[in-house]
Amino acid sequence: MRAGGGDCELVHVEADRVYVKLSGVCAGCQFGPIIINGMRQRLNGAVSRSRHSGKLRIAPMKPVYLDNNATTRVDPEVVQAMLPFFTDKFGNPSSAHALGASVSAAVRKARRQLQALIGAEFDDEITFTSGGTESDNAALLSALEAAPNRTEIVTSAVEHPAVLTLCAHLEKTRRVKVHRIPVDCRGRLDLDAYMAALTPQVAIVSIMWANNETGVIFPVARLAELAKEVGALFHTDAVQAVGKLPMDLKSTAIDMLSLSGHKLHGPKGIGALFVKRGVNFHSLIKGGHQEHNRRAGTENTPGIVGLGTAAELALKFMDDETTRVKSLRDRLEDGILQRIPSTCVTGDPLQRLPNTANISFEHVESDGIPLLLSRMGIACSSGSACTSGSLDPSHVLSAMKTPHAAVRFSLARDNGEEDVDRVLEVMPGIVEKLRDFPSSGPGRQSAEGVQSGTCLSGSRTGCRS
Ligand code: PLP
């Protein structure tokens with residue numbers, strides 16, 4: 001049999017799978033050209049028989065990408081907007097000549113596009129950075145420098161490592177006291193603990209707008225008001241929320257906000273930090289006068305233009321994100337919960353990003369499902385708690401005391417019903433296979449070992465509170 005550019009010897013055909021022996025380059029299969037020395041390989045693809053020749057053909061199956069909280073595909077319109085800034089419009093925006101001025105105008109436009117997306121009052125409240133991690137670091141370090149008499153930080157136990165790793169470093173090196181506010185089994189912040197941590201010693205509160213693993217949304221506007229009462233600055237890591245939730249920062253007490261291009265169909269390596277006018281800001285990166293003296297270094301102009309365009313598109317697609325994408329997410333979630341026993345939603349089912357489904361599966365290896373899905377061309381990601389004995393535990397699921405393996409599906413505007421259908425078609429078989437196949441590894445949950453958070457029959461979530 002010939003598939004694409006090479007010779008494949010057919011061994012066995014089974015439903016939608018083809019087992020072949022390869023002797024050379026076999027293109028036209030899902031994984032592109034594959035060079036294997038006569039080894040038996042399994043390829044994914046729809047099999048059909050040609051009506052004319054009677055020969056079998058393998059049509060590569062379209063990959064299903066449901067890992068949009070990890071990163072998103074750059075929108076083709078964003079790519080088009082960026083291209084001239086690698087070629088004709090290569091000038092330095094700080095240059096006084098015409099080439100520099102035209103690029104400088106494009107940077108200003110991108111700033112206004114971001115301003116519109118997050119509802120900032122002034123465009124100069126936006127500073128471009130290299131991404132979410134830099135923005136988070138810049139916000140926290142600036143606050144400590146601006147208030148040397150305040151030596152405490154309040155954050156949550158479920159923040160991204162961009163915040164938590166920095167906090168741990170500051171504890172060790174600068175004797176900063178860090179309050180990590182716990183969450184309940186639905187991932188909701190412990191408000192009593194939050195109030196108790198707020199004192200005049202706190203320099204900055206950093207609480208994420210939405211969690212990257214569960215999608216749980218925190219009430220940041222209210223939390224910011226409470227932080228103001230003790231004179232602390234309020235920063236939010238909104239990397240997962242910007243572009244998915246409507247925002248109007250000018251009507252809130254939020255002082256600083258981090259965002260990242262690659263989570264909203266923009267390029268990687270570009271992001272921004274919103275700093276409200278009047279906040280005493282100390283730049284992280286020292287050097288030239290770029291970005292109103294807030295972030296030194298020649299601007300990443302293609303990235304900035306890409307982020308601006310992505311912001312404009314995000315505003316345009318916001319309704320789609322909160323209606324069509326949400327209904328796809330709900331269909332996926334309901335479908336899995338109905339078809340597969342002992343599964344439940346991880347996180348607050350009400351206060352959640354519209355695109356994120358984090359589902360717990362009892363008695364399954366933490367990485368098993370994403371691994372088998374990946375072999376079928378479906379991308380999602382895994383999460384497990386410390387209690388599951390996984391080598392790579394999720395601090396978020398551990399904080400929620402979720403004892404099961406969890407799988408995160410995160411959708412975006414590129415997804416359609418066919419993607420959800422494909423997952424629903426293969427999931428029951430995958431889970432059954434993993435549950436039937438006892439593992440000697442530490443990641444498997446035994447039914448007896450599960451103490452708390454067990455998926456409750458008739459309930460969408462794994463906890464009673
Ligand atoms: N904060 C959150 C909540 C994230 O999800 C991420 C990326 O996964 C980051 C920060 C880091 O952003 P970046 O990749 O742009 O540095």
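In each ligand, atom 1 is the first atom listed, and ligand 1 is the first ligand listed. These values consider heavy atoms only, across backbone and side chains, with no hydrogens, waters or symmetry-generated copies.
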Review point. Taking side chain as C-beta onward, heavy atoms only, is Phe234 less than 4.5 Å from Ile204?
Key: no
Compile the donor-acceptor pairs under 3.5 Å between side chains in residues 87-94 and protein atoms, sequence neighbours left out, one pair per line.
from  : atom 1 : to    : atom 2 : distance (Å)
Thr87 : OG1    : Leu83 : O      : 3.4
Thr87 : OG1    : Pro84 : O      : 3.4
Asn92 : OD1    : Ser94 : N      : 2.9

Check your understanding: In chain order, what residues pass the side chain to side chain contact (heavy atoms under 4.5 Å, CB included) check against Pro200, with sequence neighbours excluded?
Key -> none
Study note, to complete from the structure: Sequence neighbours excluded, the answer for side chain to side chain contact (heavy atoms under 4.5 Å, CB included) partners of His292 is Arg111, Asp124
Point to revise | No-hydrogen, no-angle side-chain donor-acceptor test under 3.5 Å, Glu299 and Thr301 | key: no
Point to revise | For ligand 1, the residues whose heavy atoms come within less than 4.0 Å (ordered by chain, then number) | key: Gly131, Gly132, Thr133, Asp136, His160, Met208, Asn212, Asp237, Val239, Gln240, Ser260, His262, Lys263
**Study point:** More than 12 heavy atoms of other groups within 6.0 Å of Lys286 NZ
**Key:** yes
